[in-house]
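Right, one structure below, let's go through it.
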Amino acid sequence: MTSAHAPSRRAVVAAMIGAGASLAMPTGAVRAASGPPQFGTIRHQFTQVEGARPVPPVAIPALAGGALDLTAFKGRMVLVNFWATWCAACRTELPMLDRLAASGRSDLVVVAVSTDRNRASVAPYVKQLKLRHLAIGFDPGGLVSRVDAAEVDTPFALYGMPISFLIGITGQVEGYMTGEADWLSAEASGLFDYYAGVR
């Protein structure tokens with residue numbers, strides 16, 4: 001005979017199922033539904049930056065001459081990719097970024113910034129990969145990017161190579177992706193649509 005205060009076997013099982021379901025549900029699931037769509041690879045995911053930071057007004061030397069100013073693109077998204085000639089994943093990703101730059105998406109600018117110390121090696125490398133549509137910049141001295149971002153105030157911390165940062169239409173860094181990614185995929189397009197305000 002069971003006590004009036006003791007839970008029944010059915011109540012205990014139901015409570016266990018409910019607890020298991022709440023443990024299986026990721027924290028912030030309601031918040032995640034209102035955030036950007038998932039985009040990534042088996043090894044890396046697009047990481048949204050909490051408290052988006054504005055891009056500093058720094059002139060990045062450009063391969064074509066002159067300078068690239070990332071603050072000049074307000075109203076459009078900017079995908080800024082940091083790469084190097086010694087990086088095997090960069091060799092795979094750069095042609096994809098070049099095709100993205102040529103895709104005709106008017107609300108997106110694609111900029112590829114070399115971190116190579118030997119600037120003379122960049123132009124032949126770009127020519128060899130037949131990169132014709134990317135805006136190519138140089139940052140060998142860490143003008144805008146740093147391996148140790150704690151030393152210099154920059155929104156572009158080099159957590160890996162390659163690494164791509166997405167600047168939103170307001171001119172703030174919204175998130176980043178380490179490693180090569182399929183920037184021509186439907187998932188990437190969904191990410192761009194989200195940050196362009198097409199929801």
Side-chain angles (χ1 to χ4, degrees), residues 46-49 51-103 105-181 183 188 191-192 195-196:
F46 179 80
T47 303
Q48 188 176 15
V49 175
R53 299 185 56 194
V55 174
V58 178
I60 303 168
L63 178 63
L68 299 167
D69 180 0
L70 299 177
T71 63
F73 302 109
K74 275 196 178 171
R76 292 196 283 174
M77 294 172 291
V78 184
L79 185 64
V80 185
N81 175 266
F82 290 93
W83 61 280
T85 56
W86 51 260
C87 165
C90 300
R91 187 176 187 85
T92 303
E93 188 178 46
L94 284 167
M96 195 178 313
L97 291 170
D98 193 59
R99 290 195 301 277
L100 177 63
S103 68
R105 186 165 184 147
S106 61
D107 59 355
L108 177 68
V109 176
V110 185
V111 177
V113 181
S114 168
T115 59
D116 285 281
R117 292 188 187 276
N118 181 6
R119 186 172 171 164
S121 66
V122 174
Y125 185 83
V126 167
K127 187 175 181 180
Q128 180 187 26
L129 290 182
K130 299 179 182 170
L131 306 177
R132 296 185 179 97
H133 306 284
L134 279 173
I136 307 284
F138 299 100
D139 191 28
L143 191 64
V144 292
S145 63
R146 289 294 170 120
V147 173
D148 185 3
E151 291 179 5
V152 173
D153 187 28
T154 177
F156 303 117
L158 301 183
Y159 302 117
M161 190 65 65
I163 185 167
S164 298
F165 292 86
L166 183 62
I167 301 170
I169 58 174
T170 60
Q172 296 182 320
V173 175
E174 300 290 353
Y176 65 91
M177 175 87 172
T178 56
E180 65 181 273
W183 293 107
L191 184 73
F192 296 139
Y195 283 108

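Positions are given from 1 along the sequence.
The shortest heavy-atom contact between Ser164 and Asn81 is OG-ND2, 2.9 Å. Closest approach of Ile163 and Ala157 over heavy atoms only: CD1-O, 3.5 Å. The shortest heavy-atom contact between Arg119 and Ala62 is NH2-O, 4.0 Å. Smallest separation of non-hydrogen atoms from Arg76 and Ser106: CD-O, 3.1 Å. Heavy atoms only, all atoms of each residue included: Gly160 and Thr178 are closest at N-CG2, 4.2 Å. When every heavy atom of Phe192 is checked against every heavy atom of Met77, the shortest pair comes out as O-SD, 3.2 Å.
For the atom pair Trp86 CH2 and Arg117 CZ, the distance stands at 11.0 Å (nearest 0.5 Å). From Leu63, atom CG reaches atom CG of Leu68 across 9.5 Å, with rounding to the nearest 0.5 Å. For the atom pair CE (Met177) and CG (Leu166), the distance works out to 12.0 Å, reported to the nearest 0.5 Å. Atom-to-atom distance recorded for Leu94:CG and Gln128:CD is 11.5 Å, nearest 0.5 angstrom. Distance CZ/Arg99 to CZ/Arg132: 12.5 Å, rounded to 0.5 Å. Atom CH2 in Trp183 sits 6.5 Å away from atom CG in Leu191 (nearest 0.5 Å).
Evaluated for a side-chain contact (heavy atoms from CB on, under 4.5 Å) with Asp98, the options Leu129, Ile136, Leu134 yield exactly one hit, Leu134. When each of Tyr159, Phe156, Tyr176 is paired with Phe82, the ring-ring contact (aromatic ring centres under 6.0 Å, His included) condition holds for Phe156 and for no other.
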Test log, rule side-chain contact (heavy atoms from CB on, under 4.5 Å), inputs Leu100 and Leu108: CA-CA 9 Å; Leu100 177 63; Leu108 177 68; 4.0 Å; yes
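Not a single ring-ring contact (aromatic ring centres under 6.0 Å, His included) links Phe138 to another residue, sequence neighbours left out.
Although no hydrogens or angles enter the test, the distance criterion places a donor-acceptor pair under 3.5 Å between the side chain of Glu93 and the main chain of Ala181.
No side-chain heavy atom of Ile169 sits under 4.5 Å from any side-chain heavy atom of Asp107. Side-chain atoms of Trp83 and Asp116, non-hydrogen and from C-beta on, do get closer than 4.5 Å to each other. Side-chain atoms of Arg91 and Tyr125, non-hydrogen and from C-beta on, do get closer than 4.5 Å to each other. Using a 4.5 Å cut-off on side-chain heavy atoms (C-beta onward), Met161 and Cys90 make contact. Considering only heavy atoms from C-beta on, Val109 stays 4.5 Å or farther from Ile167 through its side chain.
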